[in-house]
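Report on the structure given below.
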Amino acid sequence: MKIGIAGGGIGGMAAGIALQKRGHDVTIFERTRAYGRIGADVNLTPNAVHALDGLGVGEFLRRTAARPEFRISRTWDSGEETSRLPMSTAAEERYGAPQLTIHRADLLAALEVALKPGTIRFAAPVEAAEPDGNGAALVLADGTRVAADVVIGADGIHSAVRHALFGEDHPRFTGLVSYRAVFPRERGGDIPNLDSFTKWWGPTPDRQIVTFPLNRGSETFVFATTAQDNWTEEGWTLPGDVAELRAAYSDFHPEARALLDACEDVTRSALHVREPMERWSAGAITLLGDAAHPMVPFMAQGACMAVEDAVVLARALEGATPATVAAALKRYETARIPRTARVQQGSLANDWLKQGTNADWVYGYDAWAVEFTEAA
């Protein structure tokens with residue numbers, strides 16, 4: 001079938017790869033003119049790495065990714081460890097894949113290489129999607145109308161495809177602003193656990209520090225949050241004030257403060273969410289990733305859920321024809337919505353793995369083995 005995908009991010013490209021492997025004719029319409037080394041760093045937990053391995057991109061990812069040794073929770077003031085979950089080889093043995101932490105640009109490069117040449121049309125923003133006979137059509141910003149048997153909206157939290165399907169729906173500001181930074185490993189000196197994913201849990205849910213290795217351990221990524229009443233600034237990602245961030249965490253344990261001391265500059269961005277949706281599809285049009293289920297990053301599952309979506313969607317469409325696409329998309333959303341809604345809600349609650357080690361329901365999910373049921 002001919003399939004048009006709005007958005008060439010992680011989910012859009014993963015879907016493109018999975019669908020091309022099943023013989024579909026895929027075109028991805030991407031807003032940007034080219035991929036650059038911008039954007040946040042990505043934590044790929046075993047559920048996502050297992051899915052990506054099945055797409056054939058795992059070896060490429062491992063060239064630049066780091067493999068955290070543990071997932072550690074620590075208390076903000078005492079430094080006490082409340083959980084330590086073995087990752088790396090232990091995760092590979094338990095879940096079939098390790099955890100990988102990687103720069104978003106390196107992940108996009110791995111996905112782009114796996115697509116057929118010419119799959120992505122850059123500088124081609126999608127403004128709408130609409131029914132078209134037994135199929136659907138994408139409407140580009142320049143007025144071009146592209147007909148397809150299936151249209152997939154993988155165009156992020158401000159999805160034009162979502163808007164076309166379900167109308168205006170503004171994301172809700174959570175009251176949290178996130179700060180991100182990367183520093184060379186040597187700047188960390190003798191800070192412990194820089195080879196692991198570590199979360200420092202604050203006295204209130206609006207304060208936490210997360211850190212993990214990048215670039216095969218040569219760099220360290222830092223993420224932290226602060227409370228803010230509203231977000232009125234123009235733009236979504238802006239330069240931040242590292243001194244202001246350090247001041248917000250001045251009462252944290254010395255080892256946590258040392259992480260912020262190693263940061264030379266930071267960016268800041270608002271965290272927005274939407275409530276879980278009851279359905280993602282209409283006719284031959286569906287959604288995946290942040291277009292369907294944007295979530296705060298406190299379970300590190302945003303990109304992971306998009307990759308899972310991509311694999312499950314391609315599998316749901318296997319054997320479908322233009323006449324049966326709608327039923328296939330219903331199978332897809334029926335399989336995915338309960339899981340993504342649970343992760344959305346768990347991320348917002350921000351208490352997962354604070355003390356326990358029950359990661360199996362997240363990390364042990366196998367997108368390649370999901371069983372489909374017919375929607376009611």
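Atoms considered below: every heavy atom in the structure, side chains included; atoms not considered: hydrogens, waters and symmetry mates. Since the model is a prediction, treat every value here as computed from it, not as a measurement.
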Sub-3.5 Å donor-acceptor pair from the side chain of R246 to the main-chain atoms of D261, do we have one? yes

Under the salt bridge (charged side-chain N to carboxylate O under 4.0 Å, His left out) rule, what pairs show up with a residue in residues 137-156, not counting sequence neighbours? E130-R145, D132-R145

Heavy-atom distance under 4.5 Å between the side chains of K199 and R74, does that happen here? no

Are the side chain of S83 and the backbone N or O of L353 linked by a donor-acceptor pair below 3.5 Å? yes

If you look only at pairs with a residue in residues 116-155, which of them pass as a ring-ring contact (aromatic ring centres under 6.0 Å, His included), with sequence neighbours excluded? Y35-F122

G4 and L138 have their tightest heavy-atom pair at C-CD1, 3.9 Å

With the side chain counted from C-beta on, respond yes when I102 and T64 share a heavy-atom pair under 4.5 Å apart, and no when they do not. yes

Scan for salt bridge (charged side-chain N to carboxylate O under 4.0 Å, His left out) pairs involving residues 178-193, sequence neighbours excluded, and state none if there are none. R187-E264

Step through the shown structure and confirm whether more than 12 heavy atoms of other residues, nucleotides or ligands are within 6.0 Å of CD on E371. no

Do R94 and Y363 form a cation-pi contact, if we require the NZ or CZ to be under 6.0 Å from the six-membered ring centre and within 45 degrees of the ring's axis? no

Flag the pair H103 / E219 as yes when at least one side-chain heavy-atom distance between them is below 4.5 Å, and no otherwise. no

If you take all heavy atoms of F166 and S281, which pair is closest and at what distance? CZ-N, 4.1 Å

In terms of hydrophobic clustering (I, L, V, M, F, W, Y; side-chain heavy atoms under 4.5 Å; direct or indirect links), are I5 and V146 co-clustered? yes

Would the distance check show the side chain of N215 and the main-chain N or O of S218 forming a donor-acceptor pair, the cut-off being under 3.5 Å? no

How far does CG of L100 sit from OG of S88, to the nearest 0.5 angstrom? 9.0 Å

Between E333 and R279, is there a salt bridge with N-O shorter than 4.0 Å? no

How are the rings of W352 and W361 set to each other: parallel, tilted or perpendicular (split at 30° and 60°)? perpendicular

Closest non-hydrogen atoms of L329 and A284, given as atom of the first, atom of the second and distance, are CD1-C, 3.6 Å

W280 and its side chain to side chain contact (heavy atoms under 4.5 Å, CB included) partner, picked from K330, R162, R336: R336

Applying the 4.5 Å side-chain criterion to the ILVMFWY set and letting contacts propagate, would V26 and V325 be lumped into a single cluster? yes

Sorted by chain and residue number, the side chain to side chain donor-acceptor pair (under 3.5 Å) partners of Q344 (sequence neighbours excluded) come out as none

So if you build clusters from Ile, Leu, Val, Met, Phe, Trp, Tyr with side-chain heavy-atom gaps below 4.5 Å, do W201 and V210 land together? no

SB check D106 R37 (cutoff 4.0 Å): yes

Tell me the side chain to side chain donor-acceptor pair (under 3.5 Å) pairs involving residues 319-328, sequence neighbours left out? T321-T324

Can you tell me if R216 has over 12 outside heavy atoms packed within less than 6.0 Å of its CZ? no

Any side-chain heavy atom of L140 within less than 4.5 Å of one from R121? yes

Determine whether a donor-acceptor pair (N or O, by modelled atom type, separation under 3.5 Å) exists between the side chain of Q208 and the backbone of P205. yes

Can E255 and N193 be counted as having a side-chain donor-acceptor contact under 3.5 angstrom? no

Side-chain (T27) to main-chain (T119) donor-acceptor, under 3.5 angstrom: no

Any donor and acceptor pair, going by atom type alone, linking the side chain of Y95 with main-chain N or O of D366 inside 3.5 Å? no

Is there a side-chain contact between D251 and R207, using heavy atoms and a 4.5 Å cut-off? yes

Any link between V307 and L108 through a network of hydrophobic side chains (Ile, Leu, Val, Met, Phe, Trp, Tyr) touching at under 4.5 Å? yes

Would you indicate whether the side-chain heavy atoms of Y365 and V370 approach each other to under 4.5 Å? yes

Would you say F298 and F223 make side-chain contact, with heavy atoms under 4.5 Å? yes

Assess the residue pair S178 and T225 against the criterion (side-chain hydrogen bond (donor to acceptor under 3.5 Å, both in side chains)); give the C-alpha distance rounded to whole Å, side-chain angles, the decisive distance to 0.1 Å, and a yes or no. CA-CA 4 Å; S178 66; T225 59; over 6 Å; no

By side chain to side chain donor-acceptor pair (under 3.5 Å), E80 pairs with (sequence neighbours left out) none

Is the shortest heavy-atom distance from the side chain of L107 to the side chain of I10 under 4.5 Å? yes

